[in-house]
Visitor: 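First the structure, which I've put down as structure tokens, then a few questions once you've had a look.
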Amino acid sequence: MGVKMQRIAVVTSGGDAPGMNACIRAVYRAGAHAGVEVYGIRRGYTGMIEGDIYKIERRDVGNIIHLGGTMLGTSRSDEFRTPEGRQKAADRLLENRIDGLILIGGDGSFKGGNYLSEETGIPVIAIPGTIDNDIPGTDFSIGFDTAVNIALESIDRIRDTAISHGRLFFVEVMGHTSSFIALEAGIAGGAAHLVLHDGHEEIEELCSHLETLFTRGKHHAIVVIAEGDQPGCSFGIAKKVSNRIQMESRVCVLGHTQRGGSPTSRDRVLAAKLGVCAVNALLNGQGGVMAGEVMREVVFRPISEVVGKQRETDPRMAVLSQILTGY
Ligand code: F6P
């Protein structure tokens, strides 16, 4: 290890995810335990560029473990995508004598963090925090479990109305171009059919499956749709299906409800583990790596190996859902 770290900073970037606060708290406490000062960077990379950096005190992280969102605020910064923007951010870190950075975010944020680390030599440890769960090198990202459970609760509620009215419902869940939320919430919620992000065009298959189910006597159905890169796509899909099978339908886009609210215990524990291990890694001289959890063990992978890679869902989950929705 080179110079002993005295000040580390933590930033949350990109879409907020439930459990980010629990992670910030863990980072602060691990830093305090090791005798280093922990600084918070407000509003993600935007705040980093503007030097919106302050020393976190013990009380600042009190009573936040159960809160969704991020106490630091977050942003998606276009300026940080440029070398000039990153240089400005690096200058602000140096002015504040920050020796290392903990970055909590998703793939887009990791790209920026990786560039920052490579271009300026500032050690960065990344922690996966996104409801999409689309980061390779970790079984789960912080926020995913909460988002799935919120989606599940909504599906359960919608089921009441679907049954009462004998209706066809389309429930659209987030996840961008990954289908992790759709798969888990769809299986757990007993959906009649799952439309994954790459299946938006498979209308015929969806219609004939629903027709089979209705012919067999089913009088309502819930179809879970992964938003893919077209949030709101369910309206178009629902219209096509309703016209084709001559059945009235309703659409519910769960949207940002899935990103808010109190994190589940799984997300809080994951946040705690990754936060503490990330600080220890930084203090042990590591940088340019992501802390993830694989089979309950914390593992580190170079950020360069995990960024920009589409993490595919487990094909066995798709098979499972096909079996479960087939009858
Ligand atoms: O990456 C998290 C996520 O919630 C995606 O699932 C979703 O497509 C996107 O962010 C929405 O982004 P925004 O909050 O900027 O509309």
Side-chain angles (χ1 to χ4, degrees), residues 11-21 23 43-47 67-70 72-81 103-114 126-138 140-155 170-186 189 194-200 224-237 251-264 267 270-271 274 290 292 303 306-313:
V11 66
T12 49
S13 170
D16 62 306
M20 279 183 165
N21 279 325
C23 195
R43 295 176 293 121
Y45 289 142
T46 304
L67 300 179
T70 160
L72 293 174
T74 186
S75 60
R76 302 191 196 272
S77 166
D78 286 334
E79 194 178 0
F80 199 80
R81 290 179 226 266
L103 159 66
I104 310 168
D107 186 65
S109 306
F110 285 6
K111 259 180 214 139
N114 195 39
I127 297 178
T130 165
I131 63 165
D132 298 347
N133 203 33
D134 57 348
I135 311 278
T138 188
F140 298 105
S141 56
I142 296 167
F144 171 68
D145 188 59
T146 308
V148 167
N149 279 291
I150 294 169
L152 178 59
E153 189 185 327
S154 303
I155 292 168
F170 294 87
V171 182
E172 180 179 314
V173 298
M174 271 190 169
H176 194 226
T177 54
S178 77
S179 299
F180 285 91
I181 297 177
L183 259 180
E184 293 230 355
L194 303 189
V195 179
L196 303 187
H197 79 277
D198 53 359
H200 290 182
V224 171
I225 301 184
E227 64 172 4
D229 53 10
Q230 286 175 289
C233 62
S234 313
F235 290 99
I237 294 174
V251 174
C252 184
V253 179
L254 299 184
H256 290 83
T257 59
Q258 296 156 100
R259 266 199 1 219
S262 189
T264 59
D267 273 330
L270 179 65
L274 297 184
M290 181 192 84
I303 302 175
V306 299
V307 284
K309 308 233 164 73
Q310 173 84 36
R311 180 177 171 214
E312 297 302 335
T313 48

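Whatever order the structure lists ligands and atoms in, that order sets their numbers, starting from 1.
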Visitor: Do the side-chain N and O atoms of His197 and Thr177 include a donor-acceptor pair separated by under 3.5 angstrom?
Guide: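 On atom types as modelled, these side chains do not qualify, holding no pair under 3.5 Å.
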
Visitor: Check each atom of ligand 1 against the heavy atoms of His256 and keep those under 4.0 Å away; list them by number with element.
Guide: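 Those qualifying, in numeric order: 13 (P), 14 (O), 16 (O).
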
Visitor: Going by the angle between their ring planes, with limits at 30° and 60°, are Phe144 and Phe180 parallel, tilted or perpendicular?
Guide: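 It falls in the perpendicular class, over 60°.
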
Visitor: Give every donor-acceptor pair under 3.5 Å between a side-chain atom in residues 226-234 and any protein atom, sequence neighbours left out.
Guide:
unit_1 : atom_1 : unit_2 : atom_2 : d
Glu227 : OE2    : Gly175 : N      : 3.2
Glu227 : OE2    : His176 : N      : 2.7
Ser234 : OG     : Glu172 : OE1    : 2.3

Visitor: Looking at non-hydrogen atoms alone, which of His176, Gln230, Arg76 comes nearest to atom 9 (C) of ligand 1?
Guide: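 Selected option, by shortest heavy-atom distance: Arg76.
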
Visitor: Within the side chain of Ser141, is there an N or O that forms a donor-acceptor pair under 3.5 Å with the backbone of Thr130?
Guide: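 Indeed, once roles are kept as given, a pair shorter than 3.5 Å links the two residues.
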
Visitor: Can you tell me if Asn149 and Thr264 form a side-chain donor-acceptor pair at under 3.5 Å?
Guide: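 Per modelled atom types, Asn149 and Thr264 side chains form no pair under 3.5 Å.
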
Visitor: State the atoms of ligand 1, each with its element, that fall below the 4.0 Å cut-off from a heavy-atom position in Gly175.
Guide: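 It comes down to these atoms of ligand 1: 6 (O).
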
Visitor: Side chain, backbone, both or neither: which part of Gln258 comes within less than 4.0 Å of ligand 1 when only heavy atoms are counted?
Guide: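 Neither; nothing of Gln258 gets under 4.0 Å from ligand 1.
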
Visitor: Tell me: protein heavy atom nearest atom 6 (O) of ligand 1, and distance?
Guide: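 Sorting protein heavy atoms by distance from atom 6 (O) of ligand 1 puts Asp132 OD1, 2.7 Å first.
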
Visitor: Applying ring-ring contact (aromatic ring centres under 6.0 Å, His included), name anything that partners Phe110, two or more places apart in sequence or on another chain.
Guide: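 Applying ring-ring contact (aromatic ring centres under 6.0 Å, His included) to Phe110 gives none.
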
Visitor: Among all the protein's non-hydrogen atoms, which is closest to atom 4 (O) of ligand 1, and how far away is it?
Guide: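 Nearest protein contact, heavy atoms only, for atom 4 (O) of ligand 1 is Arg259 NH1, 2.9 Å.
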
Visitor: I need the atoms of ligand 1 closer than 4.0 Å to a non-hydrogen atom of Glu227, numbered in the order shown.
Guide: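 Near Glu227, the atoms of ligand 1 are 5 (C), 6 (O), 7 (C), 8 (O).
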
Visitor: Quick one: which ligand 1 atoms are inside 4.0 Å of a heavy atom on Ile131?
Guide: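 Per the distance check, 4 (O).
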
